[in-house]
Peer 1: 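Submitted below is the structure of interest, expressed as structure tokens.
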2 protein chains.
Amino acid sequence: MISMRSKYALKALGYMARNPEKESFLIAEIAQAEGIPKKFLEAILLTLKNNGILSSRKGPGGGYAMAKAPATVTIGAIVRSFEGDLAPVQCLSETAHASCPECGDEDTCGIRLVMADVSQAVSSVLDTVTLADMLQRSEFERQKRQQVVDFAI
Amino acid sequence: MISMRSKYALKALGYMARNPEKESFLIAEIAQAEGIPKKFLEAILLTLKNNGILSSRKGPGGGYAMAKAPATVTIGAIVRSFEGDLAPVQCLSETAHASCPECGDEDTCGIRLVMADVSQAVSSVLDTVTLADMLQRSEFERQKRQQVVDFAI
DNA sequence: GCTAAGTCTAGTTTGAATATAGGATATAGC
DNA sequence: GCTATATCCTATATTCAAACTAGACTTAGC
């Protein structure tokens with residue numbers, strides 16, 4: 001399960017990417033539009049900024065803006081900002097690399113070997129799909145269903 | 001991150017599968033051998049029994065035994081006994097299916113679409129690899145490294 | 001019926017996730 | 001330089017699940 005933080009981040013970034021005509025966004029506006037607690041979103045956007053995904057300006061007329069094009073931001077980069085690396089077991093974490101307590105020999109640990117494959121499988125999805133891809137897929141589904149409704153009428 | 005429960009379960013089952021000559025195992029024996037808190041392991045083995053992976057007999061001479069051959073038990077079946085289905089977001093969970101709070105339209109939610117791919121990727125690994133496979137890979141790594149040591153000498 | 005085992009119920013403890021409050025800091029416009 | 005606006009930062013509450021423990025109950029073999 002990914003955290004609310006990650007979900008809120010994806011929703012907030014989705015909102016921003018869907019409105020490319022706007023130069024900057026207020027926290028309060030995004031919070032309102034996407035139904036995210038404002039104070040919580042504050043911390044989330046700050047994290048995204050510190051990870052180079054957003055930029056910000058203080059003061060009147062300020063706000064947040066995308067630091068990169070949506071097509072160059074992977075879902076993996078976003079999620080990892082909050083979940084750390086997505087290691088299914090501690091001993092596979094590169095940041096915070098602590099060998100699993102009691103995992104005898106790390107090199108030959110069967111659990112570790114299998115989980116390395118899992119980690120690889122997850123990354124191959126999340127590091128391939130971009131924010132733009134996500135929105136495009138969503139839009140595609142929306143239109144597909146719209147058509148069905150049209151036919152029904 | 002998988003829970004300690006899952007890790008302990010994998011270790012316990014690994015121990016049992018590595019000693020096929022034994023007909024049954026005491027909780028205390030497994031706990032000792034694998035360094036698992038005995039009372040905690042108690043609950044874990046019970047869960048594995050309720051999921052059809054282990055069988056048990058009470059009383060003197062009793063204990064736990066594998067209910068199936070290690071080659072027919074997938075890592076997915078073991079892990080899912082403790083983690084539920086491995087849905088990365090609530091709305092993808094089949095048991096406990098509750099739509100994510102605030103996830104507007106579930107059919108067109110981009111987050112859900114991407115996470116469905118992630119879920120699929122994870123399952124394709126965990127439902128393919130069996131307990132026997134895991135031990136075999138571990139043994140293979142062990143021998144590979146053993147050879148390197150031999151050459152070094 | 002004694003003892004060795006698993007089974008069940010009910011806790012405790014700890015830590016992380018979610019969220020909020022309130023002030024500090026920066027900047028635009030006058 | 002004052003004020004309004006907005007982000008930035010620190011601290012704290014709250015809630016919940018994970019990890020683990022205690023102790024009584026049940027079953028089976030001798």
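What you see below is based on every heavy atom in this structure, not just the backbone, and it leaves out hydrogens, waters and symmetry mates. Chain identifiers are assigned alphabetically (A, B, ...) following the order of the sequence lines, protein sequences preceding nucleic acid strands; residue numbering begins at 1 within each chain.
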Peer 1: Considering only side-chain heavy atoms of A:K39, which listed nucleotide, D:dA6, D:dC9, C:dT18, is closest?
Peer 2: D:dC9

Peer 1: Among the nucleotides C:dG6, D:dA19, C:dT18, which one has an atom lying closest to any side-chain atom of B:R5?
Peer 2: D:dA19

Peer 1: Does B:E34 come within less than 4.0 Å of B:R18, counting only side-chain N to carboxylate O?
Peer 2: yes

Peer 1: Any carboxylate oxygen within less than 4.0 angstrom of a Lys/Arg side-chain nitrogen, looking at A:E141 and A:R137?
Peer 2: no

Peer 1: Pick the closest DNA chain D nucleotide for B:F82 and for A:G62 by heavy atoms, then say which residue is nearer the 5' end.
Peer 2: A:G62

Peer 1: Given atom CD1 of A:I36 and atom C1' of C:dA17, what is their separation to the nearest angstrom?
Peer 2: 16 Å

Peer 1: C:dG6 C1' sits how many Å from B:E29 CD, rounded?
Peer 2: 15 Å

Peer 1: C:dT18 C1' sits how many Å from A:F40 CZ, rounded?
Peer 2: 5 Å

Peer 1: Using a heavy-atom cut-off of 4.0 Å across all strands, would you classify A:I27 as base, sugar-phosphate, or nothing?
Peer 2: sugar-phosphate

Peer 1: What's the closest nucleotide to the B:P37 side chain, out of C:dT27, D:dT21, C:dA17?
Peer 2: D:dT21

Peer 1: Does A:E29 come within less than 4.0 Å of A:K22, counting only side-chain N to carboxylate O?
Peer 2: yes

Peer 1: In whole Å, I'd like the distance from the CG atom of B:L46 to the P atom of C:dT9.
Peer 2: 10 Å

Peer 1: Taking atom types as modelled, is there a side-chain donor on A:T47 or A:N50 under 3.5 Å from an acceptor on the other?
Peer 2: no

Peer 1: Counting primed atoms plus P, OP1 and OP2 as sugar-phosphate and everything else as base, spell out the protein contacts along nucleotides 11-17 of chain D at 4.0 Å heavy-atom distance: B, S or - for each nucleotide, 5' to 3'.
Peer 2: -------

Peer 1: When you match B:F25 and A:K38 each to their closest nucleotide on DNA chain C, which lands nearer the 5' end?
Peer 2: B:F25

Peer 1: With distance as the sole criterion, do the side chain of B:K58 and the base of D:dG29 form a donor-acceptor contact below 3.5 Å?
Peer 2: no

Peer 1: Would you call A:D117 and A:R112 a salt bridge, using N to O less than 4.0 angstrom?
Peer 2: no

Peer 1: Please state how far atom CZ in A:R57 lies from atom C1' in D:dT7, giving the value in whole angstrom units.
Peer 2: 12 Å

Peer 1: Base, sugar-phosphate, or nothing for B:Y8, non-hydrogen atoms under 4.0 angstrom?
Peer 2: sugar-phosphate

Peer 1: Is B:R80 salt-bridged to B:D127, cutoff N-O under 4.0 Å?
Peer 2: yes

Peer 1: What's A:L26 touching, base or sugar-phosphate or nothing? Going by heavy atoms closer than 4.0 Å.
Peer 2: sugar-phosphate

Peer 1: Taking the side chain of B:P60 as its heavy atoms from C-beta onward, which of C:dT3, D:dA4, C:dT20 lies nearest to it?
Peer 2: C:dT3

Peer 1: Output the rounded distance in Å from CD (B:E23) to P (C:dA5).
Peer 2: 15 Å

Peer 1: I'd like to know if A:E42 reaches the base of D:dC9 with its side chain such that a donor and an acceptor end up less than 3.5 angstrom apart.
Peer 2: yes

Peer 1: With the 4.5 Å side-chain cut-off for hydrophobic clustering, are A:I53 and A:Y15 part of the same group?
Peer 2: yes

Peer 1: Quick one: does any side-chain atom of A:D85 pair with a main-chain N or O of A:E94 as donor and acceptor, under 3.5 Å?
Peer 2: yes

Peer 1: Whole Å only: how far is the NZ atom of A:K7 from the P atom of C:dA17?
Peer 2: 14 Å

Peer 1: Separation of B:K49 atom NZ from C:dA5 atom P, in whole Å?
Peer 2: 16 Å

